[in-house]
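Reading through the structure tokens given below for one structure.
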Amino acid sequence: MALSISAPTSSPFLPAPRQVGRWSSSPSSLKPAGFSLRRPVVVARAAAGNAPSSPAGAVVTELDVVSSFSEIVPDTVVFDDFERFAPTAATVSSSLLLGIAGLPDTKFKSAIDTALVDGECNTMEKPGDRMSCYLTKALGNVGAELALQVPGRVSTEIDARLAYDTQGIVQRVHELLQIYNEHDIPSERLLFKIPATWQGIEASRLLESEGTQTHLTFVYSFAQAAAAAQAGASVVQIFVGRIRDWAKNHSGDPEIDEALKKGEDAGLALVKKAYVYIHKNGYKTKLMAAAVRNKQDVFSLLGIDYIIAPLKILQSLDESVTDSDEKYGYVQRLTLSLDKMYNFSQEELVKWDQLSLAAAMGPAAEELLASGLEGYANQARRVEELFAKIWPPPNV
């Protein structure tokens, strides 16, 4: 996750004050962080559902328009001028640690070095346990440094290898919370990114009951989204494009087949259904759409809480200047009026448990979840392998 634009005041990621920000993909001065930034607010039209207008003479782009409906989160971790962007939030992950390791010395690199001389980790006899400890310490240390750089929230990825271990996830979150506490970072500034297995969803329930905010990822089915909302997850992330890609090359998933029969895009259909379910039942969960493939996807998702989009799409939106006096065709696609389209079955309204979730997840969700977990686990292993090569550091 990187910069975010025109965030709603209810955003769990960002504070209320708005700041001006721009981004760049230039590698001339790499910055090892996924930051969140916002653009100036665009005043909304009086007519409900119409795109916003702007003060006389102001330049309005498509990005300004879509940012008035949803929080836009560019999918990038590279910035060429840190001081220009007024960063407000950040994400720390194994992939970020790998990126930091390849950069010249920075305060973030120092945070990793500090993790590698941690006394608690150094006393562990098993190399695997020691490297896992270093990984956790490095994530917390880097996250704490990012928290000092941004006024908003820091989201921390939980090791995908714990995806089927509820107590392991909870324990890892508690370990990270302790690290953040040692750096005087309050828990309300933190969010923890957890895979949406049943065990991950149950961990989210336990953590949210403690007041710890969670972000469930790898959601590819309605059952996962509904169970996550019931658990009280703060954010649920649906990968629109990955579901579409699966549908193009496979068949036999009842949920996807049903959407295709109606002439709907399978990924967008899942977002709409989850949106209605969450709002109809009064859950606090915010929805995030990821794996957005084109500008039309962005337009089709207007009204969702967050949209993660590739930088090239956002640059295209930003370069498309619109006439502030023109009546735009942009309308909010996700609204409570969608309630009329959905009559949830008794099976869909059940209190989800492990068995019902397993029975409701079709082949698409099962395959995509497994693939996502494997990718994240491989990144964590790569970090640990890197740490093993450079450990012990000098003077240890």
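Quick note: numbers below take in every heavy atom, side chains included, and nothing from hydrogens, waters or symmetry partners. Nothing here was measured: the structure is a model prediction, and the numbers come from that model.
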Using a strict cut-off of less than 4.0 Å between a Lys/Arg side-chain nitrogen and an Asp/Glu carboxylate oxygen, indicate whether [X] and [Y] qualify as a salt bridge.
X: Arg382; Y: Glu385; result: no
X: Glu258; Y: Lys262; result: yes
X: Glu175; Y: Lys137; result: no
X: Glu202; Y: Arg205; result: yes

Judged by atom type as modelled, is there a donor-acceptor pair below 3.5 Å linking the side chain of [X] to the main-chain atoms of [Y]?
X: Thr285; Y: Ala233; value: yes
X: Ser67; Y: Leu63; value: yes
X: Gln224; Y: Ser221; value: yes
X: Ser300; Y: Gln296; value: yes

Please identify which of these residues, Ile169, Leu216, Leu177, meets the side-chain contact (heavy atoms from CB on, under 4.5 Å) condition with Phe192.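 Among Ile169, Leu216, Leu177, the one meeting side-chain contact (heavy atoms from CB on, under 4.5 Å) with Phe192 is Leu177.
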
Should Arg161 and Glu384 be marked as a salt bridge (charged side-chain N to carboxylate O under 4.0 Å, His left out) after you check the CA-CA gap, both sets of side-chain angles, and the distance that decides it? CA-CA 13 Å; Arg161 293 169 294 182; Glu384 291 177 352; 2.7 Å; yes

For the side chain to side chain donor-acceptor pair (under 3.5 Å) test, which of Gln237, Lys193, Lys286 pairs with His215?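 Only one option passes, and that is Gln237.
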
For residues 123-131, please give each side-chain donor-acceptor pair under 3.5 Å, one per line with the distance, not counting sequence neighbours.
residue, atom, partner, partner atom, Å
Thr123, OG1, Glu120, O, 2.8
Arg130, NH1, Met124, O, 2.8

Which label fits His279 and Tyr275: parallel for a plane angle under 30°, tilted from 30 to 60°, or perpendicular past 60°?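 Because their plane-to-plane angle lies in the 30° to 60° range, the rings of His279 and Tyr275 count as tilted.
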
Atom NZ of Lys312 with >12 non-hydrogen neighbours under 6.0 angstrom: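 Open: at most 12 neighbouring heavy atoms sit under 6.0 Å from NZ of Lys312.
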
